[in-house]
Amino acid sequence: MKTFLYINRSPVCEMRATRRPVLLLWLLLCSGAGTEAIEPVSTTIAVGVAATLTAFIANYRNIFNYFYECCHPEWIVFNRTGLEADLRSKLFGQHIASRIILKAVDGFMNNDNPKKPLVLSLHGWTGTGKNFISKLIANNIYKEGTKSSFFHLFASTYHFPHSSQYEHYKSQLKEWIKGNVTSCERSMFVFDEMDKMHPGLIDGIKPFLDYYENLDGVSYRKAIFIFLSNAGSDRIVETALDFWNSAKAREDIQLKDLESLLSMSVFNDQQSGFYRTSLIDKNLVDFFVPLLPLESRHIVQCTMAEMISREMKPNLTLAELVAKDLIYFPKTERVFAATGCKTIESKLDYYL
């Protein structure tokens, strides 16, 4: 059977940092017929080269780490200020999610001895920012952002397409996560389309998310697991619409208004990868993060941000025109954008 996963191990920096210079030094000093055949001048040169190479070996690790990504602070360092600024200036209409994400990631990354991995489950309508949040987190932890070899994204319909093979996928997934965390304890795993994943598949990695000091000598406590799903979005929309109908401010919606409803909704959803999962039953998900449906004003903000990212002069009139062109629901009230900010990029291209 064809295997779709592979162990993406990071380079073992210390080993690579010493082998080549030592081999070169050995060749320089050990070639030839013997030491008695080396002339005094050649011996002096060899000793000088050896001294230079010895100093080079001492600094080779730092040089190697500078040019090649390793599981070291040079490449992995949490930027709290950067994440806070990104959430404020790039994520719109998500006051609950912004607050949870900043506090959860900040507390976890500044804890040198966490008791378990950080596990976040993001839920909401399409285009509300689930994937975007995972990218913001990665960009403020890894120097290479989502291109880092320690950032791993799984898309359910791509990586786990056949439900009949879910036991095979489960086995591969366990080995793949184990291999990558063995290489770097600060690995990050994002599972998209959890609502399309076979129920029970994710239970295969439940031990990695639990309060174990290590499993077979591997500690998973410093890893991050993020699950993205549309499951439970109907309950989120209902709550947001209730607040709107009651003339209550959107910003008055609190996590307590949604978290328990959300966890129970996805736990009992037979179409969800969280269906009857022990992750919820054993309270291993640290936060169920609701992403609220976006209103027209948020679409305008997204469009203005897209203009800025393209180094365009922000044009409010154009942004409002783009926002007006989207489909909203409910049909009579036209409160929430059906696709959120997901189609803004192509819509803006149309109007330019």
Side-chain angles (χ1 to χ4, degrees), residues 1-20 60-62 64-78 104-105 108-120 134 137-156 158-160 166-192 197 201-227 273 277-279 282 284-286:
M1 181 178 292
K2 185 178 180 180
T3 301
F4 70 90
L5 296 176
Y6 61 95
I7 303 301
N8 184 23
R9 296 186 184 275
S10 60
V12 182
C13 304
E14 291 77 5
M15 292 178 62
R16 292 192 180 187
T18 58
R19 185 178 299 167
R20 190 175 296 173
Y60 187 80
R61 173 182 165 182
N62 291 333
F64 183 84
N65 289 355
Y66 183 82
F67 289 104
Y68 200 98
E69 185 184 35
C70 291
C71 189
H72 286 257
E74 294 91 340
W75 296 92
I76 304 175
V77 58
F78 176 56
V105 177
F108 180 76
M109 291 301 296
N110 284 295
N111 186 351
D112 291 331
N113 187 32
K115 301 303 181 184
K116 63 180 290 296
L118 177 62
V119 183
L120 303 173
S134 66
I137 295 172
N139 288 339
N140 286 285
I141 291 179
Y142 304 111
K143 184 177 179 181
E144 294 292 296
T146 56
K147 295 180 180 179
S148 170
S149 56
F150 312 123
F151 173 85
H152 313 285
L153 173 65
F154 296 91
S156 179
Y158 178 78
H159 290 106
F160 317 112
Y166 94 94
E167 287 288 354
H168 175 62
Y169 296 149
K170 183 187 293 187
S171 176
Q172 288 186 315
L173 186 60
K174 291 170 65 176
E175 290 300 316
W176 201 78
I177 290 177
K178 179 181 179 180
N180 281 286
V181 175
T182 299
S183 295
C184 186
E185 60 182 1
R186 285 293 188 188
S187 293
M188 178 174 167
F189 304 91
V190 178
F191 294 83
D192 195 10
M197 188 177 291
L201 174 59
I202 210 66
D203 264 344
I205 64 170
K206 180 261 181 186
F208 301 153
L209 313 185
D210 215 327
Y211 291 82
Y212 295 115
E213 186 172 348
N214 67 72
L215 294 168
D216 293 331
V218 180
S219 174
Y220 298 86
R221 291 183 169 190
K222 291 187 177 181
I224 297 177
F225 294 82
I226 300 179
F227 303 107
T277 177
S278 60
L279 269 65
K282 299 297 183 181
L284 297 181
V285 178
D286 296 299

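Every value quoted in this text rests on a predicted model; they were computed, and no experiment measured them. Side chains included, hydrogens not; waters and symmetry mates left out as well; all remaining heavy atoms used.
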Answer yes or no: is there a side-chain heavy-atom contact under 4.5 Å between [X] and [Y]?
| X | Y | value |
| --- | --- | --- |
| Asn113 | Lys115 | yes |
| Phe208 | Lys174 | yes |
| Phe225 | Val285 | no |
| Arg186 | Phe150 | no |
| Met197 | Phe154 | no |
| Ile205 | Phe191 | yes |
| Tyr212 | Arg221 | no |
| Glu74 | Glu69 | no |

Might you work through the side-chain contact (heavy atoms from CB on, under 4.5 Å) test for Leu201 and Ser156, ending with a clear yes or no?
-> CA-CA 10 Å; Leu201 174 59; Ser156 179; over 6 Å; no
What heavy-atom pair brings [X] and [Y] nearest, and what distance separates the two atoms?
| X | Y | result |
| --- | --- | --- |
| Ala104 | Leu118 | O-CD2, 4.1 Å |
| Tyr169 | His159 | CE2-O, 3.9 Å |
| Pro207 | Leu215 | O-CD1, 3.5 Å |
| Gly145 | Phe151 | O-CB, 4.1 Å |

Side chain to side chain donor-acceptor pair (under 3.5 Å) with Asp112: which residues, sequence neighbours excluded?
->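 Partners of Asp112 under the side chain to side chain donor-acceptor pair (under 3.5 Å) test: none.
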In chain order, what residues pass the side chain to side chain donor-acceptor pair (under 3.5 Å) check against Asn140, with sequence neighbours excluded?
->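 Expected list: Asp86.
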Only one of Ile226, Ile224, Val181, Leu153 forms a side-chain contact (heavy atoms from CB on, under 4.5 Å) with Phe189, so which one is it?
->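 Filter result, single survivor: Val181.
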Begin from the C-alpha positions of Val218 and Thr182 and carry the test side-chain contact (heavy atoms from CB on, under 4.5 Å) through to its verdict.
-> CA-CA 6 Å; Val218 180; Thr182 299; 3.5 Å; yes
When rounded to the nearest 0.5 angstrom, what is the spacing between [atom1] in [X] and [atom2] in [Y]?
| X | Y | atom1 | atom2 | value |
| --- | --- | --- | --- | --- |
| Asn139 | Thr146 | CG | OG1 | 5.5 Å |
| Tyr68 | Ser149 | OH | OG | 7.0 Å |
| Lys222 | Cys184 | NZ | SG | 10.0 Å |

Ser183 side chain to Gly179 main-chain N or O, any donor-acceptor pair under 3.5 Å?
->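 Side chain of Ser183 to backbone of Gly179: a pair is present.
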Without swapping roles, check the side chain of Tyr220 against the backbone of Ile177 for a donor-acceptor pair under 3.5 Å.
->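 Flag not set: sc Tyr220 to bb Ile177 has no pair under 3.5 Å.
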Residues in salt bridge (Lys or Arg N to Asp or Glu O under 4.0 Å) with Asp286, at least two apart?
->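 Asp286 satisfies salt bridge (Lys or Arg N to Asp or Glu O under 4.0 Å) with Lys116 once adjacent residues are dropped.
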Would Ser219 and Glu185 satisfy side-chain contact (heavy atoms from CB on, under 4.5 Å), going step by step from the backbone distance to the final call?
-> CA-CA 7 Å; Ser219 174; Glu185 60 182 1; 5.6 Å; no
